[in-house]
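The basis for the numbers below is simple: all heavy atoms, side chains too, and nothing from hydrogens, waters or symmetry mates.
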Amino acid sequence: MKKVLLLFLILVVSVTTSACINNLAIHELNNKAELYLDKGDTETAICRLKSSLDLDNEIYQTHYNLAVAYNNIGNYEGAIEEINKVIELKPDFYDSYYTMAVAKEALAYKIIEKEPDEDGNVPELTFEEISDFNNKAADVVETYNEYLVKKADAPETEQINAKIQELNQKIKEYTDIYDIKNQEKNKQIEEEITSENESEENG
């Protein structure tokens with residue numbers, strides 16, 4: 001099964017707080033979370049970040065770091081939820097849109113990347129799955145483009161444009177598959193109607 005790869009390393013961000021007791025605790029929790037993320041201990045990092053949010057739910061860096069951690073473990077829905085909170089708290093923190101696009105892209109590909117059955121056959125996609133993929137992939141393209149517009153000096157612009165091109169090609173590919181399947185379905189319906197009419201005439 002194909003895995004969606006990050007175009008570049010999504011880095012966590014440091015939390016700067018004023019020096020009251022509560023904020024010192026938050027600062028310490030976030031620092032520990034960063035260390036755990038660096039070590040690859042994502043689950044422990046998530047626990048620290050959640051504890052930090054229990055103390056103060058209005059620090060955008062904590063929500064962002066939690067989104068990064070969720071992306072790392074494949075909890076893409078959770079990552080999107082956290083990024084939406086980041087955007088509410090800090091609309092001009094533009095890296096959020098890249099992290100959001102990564103999560104959305106992973107969810108889109110999950111629709112079309114089916115596991116083979118016991119006989120090794122990969123199930124065909126339904127009309128609904130093809131349509132759902134195309135809609136989600138188009139949303140991913142829009143989110144990547146939004147990131148590039150907001151962060152015009154993004155160093156990974158070339159890689160993201162390549163990713164956008166790849167997604168657009170996928171959308172076209174699955175649109176063609178959808179159209180072919182739809183034509184086959186309509187032809188089958190027409191043949192069934194013709195057969196029924198002939199049967200009635202002969203009856």
Rounded distance [0.5 Å steps], [atom1] in [X] versus [atom2] in [Y]:
X: Glu146; Y: Glu142; atom1: CD; atom2: CD; value: 6.5 Å
X: Thr62; Y: Asp56; atom1: OG1; atom2: CG; value: 7.5 Å
X: Asn30; Y: Gln61; atom1: CG; atom2: CD; value: 8.0 Å
X: Tyr76; Y: Lys110; atom1: OH; atom2: NZ; value: 7.5 Å
X: Leu37; Y: Thr42; atom1: CG; atom2: OG1; value: 5.5 Å
X: Ile111; Y: Asp132; atom1: CD1; atom2: CG; value: 3.5 Å

Should [X] and [Y] count as side-chain neighbours, where that means a heavy-atom distance under 4.5 Å?
X: Tyr147; Y: Met100; value: no
X: Phe133; Y: Leu125; value: no
X: Asn75; Y: Glu77; value: yes
X: Val86; Y: Asp95; value: no
X: Lys85; Y: Leu66; value: no

What closest approach, in Å, do [X] and [Y] show between heavy atoms, and which atom pair accounts for it?
X: Ile171; Y: Ala138; answer: CD1-N, 3.7 Å
X: Ala137; Y: Ala108; answer: N-CB, 4.2 Å
X: Leu49; Y: Ala69; answer: CD1-CB, 4.5 Å
X: Lys114; Y: Pro123; answer: CD-O, 3.4 Å
X: Ala103; Y: Ala79; answer: CB-CB, 4.2 Å
X: Ala154; Y: Thr157; answer: O-OG1, 2.6 Å

Hydrophobic clusters here meaning ILVMFWY residues chained together by side-chain heavy-atom distances under 4.5 Å, can you tell me if [X] and [Y] are in one?
X: Val68; Y: Ile83; result: yes
X: Leu107; Y: Ile160; result: yes
X: Tyr94; Y: Val141; result: yes
X: Val102; Y: Ile46; result: no
X: Leu53; Y: Ile26; result: no

Lys150 charged N/C atom sitting above Tyr97 aromatic ring, 6.0 Å / 45°
yes
query = So Tyr144 and Tyr98, would you call those rings parallel, tilted or perpendicular, with 30° and 60° as cut-offs?
reply = tilted
Q | Step-by-step side chain to side chain contact (heavy atoms under 4.5 Å, CB included) determination, Lys151 to Asp153 | A | CA-CA 5 Å; Lys151 193 170 182 178; Asp153 60 344; 3.5 Å; yes
Please say whether more than 12 non-hydrogen atoms of neighbouring residues, nucleotides or ligands are located less than 6.0 Å from CD in Glu173.
yes
Between Lys172 and Asp176, does a salt bridge (charged side-chain N to carboxylate O under 4.0 Å, His left out) hold up when you go through it step by step?
CA-CA 6 Å; Lys172 183 181 183 305; Asp176 291 343; 3.1 Å; yes
For this session: Using modelled atom types only, decide if a donor and an acceptor are shared between the side chain of His63 and the backbone of Asn57 within a distance under 3.5 Å.
Result: yes
Can a donor-acceptor pair be found, under 3.5 Å and without considering hydrogens, that links the side chain of Ser52 to the backbone of Arg48? no
Q. With a 3.5 Å cut-off and no angle check, do the side chains of Thr99 and Asn71 form a donor-acceptor pair?
A. no
Salt bridge check, Glu166 against Lys170: does any charged N sit closer than 4.0 Å to a carboxylate O?
no
